[in-house]
A.B. asks: 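Starting off with a structure, shown below.
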Amino acid sequence: MTDASALPGQPRGGVLSGRATERAVNVLAPNPSVMTLDGTNTWIVAEPDSDLAVVIDPGPLDDGHLRNVVDTAEKAGKRIALTLLTHGHPDHAEGAARFAELTATRVRALDPALRLGDEGLAAGDVITVGGLELRVVPTPGHTADSLSFHLPADRAVLTGDTVLGRGTTVVAHPDGRLGDYLDSLRRLRSLTVDDGVHTVLPGHGPVLEDAQGAVEFYLAHRAHRLAQVETAVENGHRTPAEVVAHVYADVDRSLWPAAELSVRAQLDYLSEHGLI
């Protein structure tokens, strides 16, 4: 058995649902899969002495899960006052409209199509609810509309699918772009270096105790994969499917369709930079 402290980001063991930091509680959605890992992490975030809470990523359209999120907040003496989305993929956002009905909240997101209410989200926005402060961090790359939320009081960042609690994420070509994703990882690294962030609260998988280590691992992994793809092309593997079969030969074949999205993004990146 591998010691979790030796894994990238030092993933926290134990039950995924429940309190993760002083201000953040996870309610795990019942949608496990090879892409969603154990399921989607729906985060309830609030100041300990406040009766107001923010929910980040209500998750899939599963009424039982959505009501469980509301019940979890209410049992802690909290009323959900706002709903936020890290991005628009259905496993994070499909339940948002129904959740807004249940809680009478607005839904704020970068993509106007996902919003319920007049306010969106943009880089540099500071969200305050019941004394809680969340800072909006643009992290495109997985998708064009991906955002993270910096929770300064807990020295934590909620990353959606930009950084996962286990494994690595997909650059969802053509909406996701590798250059944007690398810039986003560097932006998150600056939070760990300059702003003292040490905890990652991901959209899937366990909490990571070493945010800087996780981001550094992601950057190194991307550089390694990019070099592998470049070499594969040089050796005559021209199509995305051919590159996946060569570079991802040791990866479960059920993940190859997702890997092909990342390969397409990598091929675009290499072409844009004149490397292939």
Side-chain angles (χ1 to χ4, degrees), residues 8-12 19-26 40-50 52-58 78 80-89 92-93 106-111 114-115 119-165 169 180-219:
Q10 296 181 13
R12 185 182 298 175
R19 183 161 300 282
T21 68
E22 187 176 6
R23 292 165 181 81
V25 172
N26 180 32
T40 301
N41 294 334
T42 295
W43 291 102
I44 302 171
V45 190
E47 282 296 315
D49 60 353
S50 174
L52 300 178
V54 175
V55 164
I56 298 171
D57 289 351
K78 313 288 186 186
I80 297 165
L82 180 64
T83 303
L84 305 175
L85 298 177
T86 61
H87 65 296
H89 278 168
H92 293 257
R106 295 165 295 142
V107 177
R108 296 180 63 180
L110 180 61
D111 184 349
L114 299 171
R115 301 172 189 166
E119 287 187 283
L121 293 170
D125 283 353
V126 178
I127 299 160
T128 55
V129 173
L132 179 77
E133 179 182 298
L134 289 167
R135 299 175 184 173
V136 178
V137 182
T139 48
H142 170 67
T143 61
D145 69 331
S146 288
L147 299 170
S148 296
F149 298 99
H150 178 198
L151 178 56
D154 282 348
R155 298 171 64 190
V157 60
L158 297 106
T159 54
D161 283 357
T162 299
V163 174
L164 304 179
T169 198
D180 291 342
Y181 186 65
L182 294 174
D183 288 342
S184 294
L185 290 177
R186 296 181 189 110
R187 193 170 295 119
L188 290 175
R189 181 172 59 186
S190 74
L191 285 181
T192 71
V193 174
D194 301 329
D195 296 280
V197 166
H198 61 66
T199 303
V200 172
L201 306 176
H204 303 280
V207 171
L208 299 178
E209 305 282 10
D210 176 16
Q212 185 172 350
V215 175
E216 294 287 0
F217 169 77
Y218 266 59
L219 284 165

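Everything quoted here is computed from the prediction, not taken from an experiment.
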A.B. asks: Roughly how far, to the nearest 0.5 Å, is CG of Asp154 from CG of Leu201?
C.D. replies: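 The CG atom of Leu201 sits 7.5 Å away from the CG atom of Asp154.
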A.B. asks: Within the structure provided, determine whether Leu121 and Phe149 are in side-chain contact (heavy-atom separation under 4.5 Å).
C.D. replies: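 Result yes, sub-4.5 Å side-chain heavy-atom pair found.
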A.B. asks: Return the minimal non-hydrogen interatomic distance between Pro202 and Val207, and the atom names on each side.
C.D. replies: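 Nearest pair, atom of Pro202 first, then Val207: CD-CA, 4.1 Å.
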A.B. asks: Within the structure provided, determine whether Ser50 and Leu132 are in side-chain contact (heavy-atom separation under 4.5 Å).
C.D. replies: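 No. Closest side-chain heavy atoms not under 4.5 Å.
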A.B. asks: Can you spot which of Thr21, Asn41, Thr42 makes a side chain to side chain donor-acceptor pair (under 3.5 Å) with Asn26?
C.D. replies: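 Single pass found, and it is Asn41.
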A.B. asks: Any side-chain heavy-atom pair from Gln212 and Val193 closer than 4.5 angstrom?
C.D. replies: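 Yes - at least one pair of side-chain heavy atoms lies under 4.5 Å apart.
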A.B. asks: Could you report the tightest heavy-atom contact between Gly120 and Asp125, atom names first, then the distance?
C.D. replies: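 Closest approach of Gly120 to Asp125: O-OD2, 4.2 Å.
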A.B. asks: Taking all atoms of both residues into account, what is the closest heavy-atom pair of Ala211 and Thr192, and its distance?
C.D. replies: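 For Ala211 versus Thr192, the nearest heavy atoms are CB-CG2, 3.7 Å.
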A.B. asks: Might you work through the side chain to side chain contact (heavy atoms under 4.5 Å, CB included) test for Asp145 and Leu114, ending with a clear yes or no?
C.D. replies: CA-CA 10 Å; Asp145 69 331; Leu114 299 171; 3.8 Å; yes
A.B. asks: Do the side chains of Leu84 and Leu134 get nearer than 4.5 Å, heavy atoms only?
C.D. replies: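 Yes, at least one pair of side-chain atoms sits under 4.5 Å.
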A.B. asks: Closer than 3.5 angstrom, by distance alone: can the side chain of Ser184 be matched with the main-chain N or O of Pro140 as a donor-acceptor pair?
C.D. replies: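 Side chain of Ser184 to backbone of Pro140: a pair is present.
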A.B. asks: Do Leu185 and Val163 come close enough that some side-chain heavy atom pair is under 4.5 Å?
C.D. replies: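 A side-chain contact exists here, since the closest heavy-atom pair is under 4.5 Å.
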A.B. asks: Please report the shortest heavy-atom distance between Arg115 and Glu119, naming the atom on each side.
C.D. replies: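 Nearest pair, atom of Arg115 first, then Glu119: CD-O, 3.9 Å.
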A.B. asks: So, for Ser148 and Val157, which heavy atoms are closest and what is the spacing to 0.1 Å?
C.D. replies: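 What the structure gives for the nearest pair is CB-CG2, 4.0 Å.
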A.B. asks: Kindly compute the distance separating CG (Leu147) from CZ (Arg135), expressed to the nearest 0.5 Å.
C.D. replies: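 So the CG of Leu147 and the CZ of Arg135 are separated by 16.0 Å.
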A.B. asks: For Thr162 and Ser146, which I'm curious about, is there any donor-acceptor pair between the side chains at under 3.5 Å?
C.D. replies: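 Distance-only check fails for Thr162 and Ser146.
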A.B. asks: Classify the ring geometry of His142 against His89: parallel below 30°, tilted from 30° to 60°, perpendicular beyond 60°.
C.D. replies: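 Perpendicular.
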A.B. asks: Can you list the residues that meet the side-chain hydrogen bond (donor to acceptor under 3.5 Å, both in side chains) rule with Thr86, with sequence neighbours excluded?
C.D. replies: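 Result, side-chain hydrogen bond (donor to acceptor under 3.5 Å, both in side chains) vs Thr86: Asp57.
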A.B. asks: Would a 4.5 Å heavy-atom cut-off, applied to side chains only, mark Thr199 and Arg155 as touching?
C.D. replies: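 A side-chain contact under 4.5 Å is absent here.
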A.B. asks: Nearest 0.5 Å, please: how far is NE2 in His198 from CD in Gln10?
C.D. replies: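 Gln10 CD to His198 NE2: 11.5 Å, rounded to 0.5 Å.
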A.B. asks: Tell me if a side-chain donor or acceptor on Lys78 pairs with a main-chain N or O of Glu47 at a distance below 3.5 Å.
C.D. replies: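 Yes, Lys78 side chain to Glu47 backbone: donor-acceptor pair under 3.5 Å.
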A.B. asks: Go through the structure and list residues passing side-chain hydrogen bond (donor to acceptor under 3.5 Å, both in side chains) with Asp183, not counting sequence neighbours.
C.D. replies: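 Asp183 satisfies side-chain hydrogen bond (donor to acceptor under 3.5 Å, both in side chains) with Arg186 only.
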A.B. asks: Hey, are the side chains of Tyr181 and Thr169 touching, using non-hydrogen atoms and a 4.5 Å cut-off?
C.D. replies: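 Yes; the side chains approach each other to less than 4.5 Å.
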A.B. asks: With a 4.5 Å cut-off on side-chain heavy atoms, are Thr159 and Thr139 touching?
C.D. replies: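 When only atoms from C-beta onward are counted, Thr159 and Thr139 do not touch, as no gap falls below 4.5 Å.
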A.B. asks: Grab the two heavy atoms, one from Asp161 and one from His204, that are nearest each other, plus how far apart they are.
C.D. replies: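 Looks like OD1-CD2, 2.9 Å.
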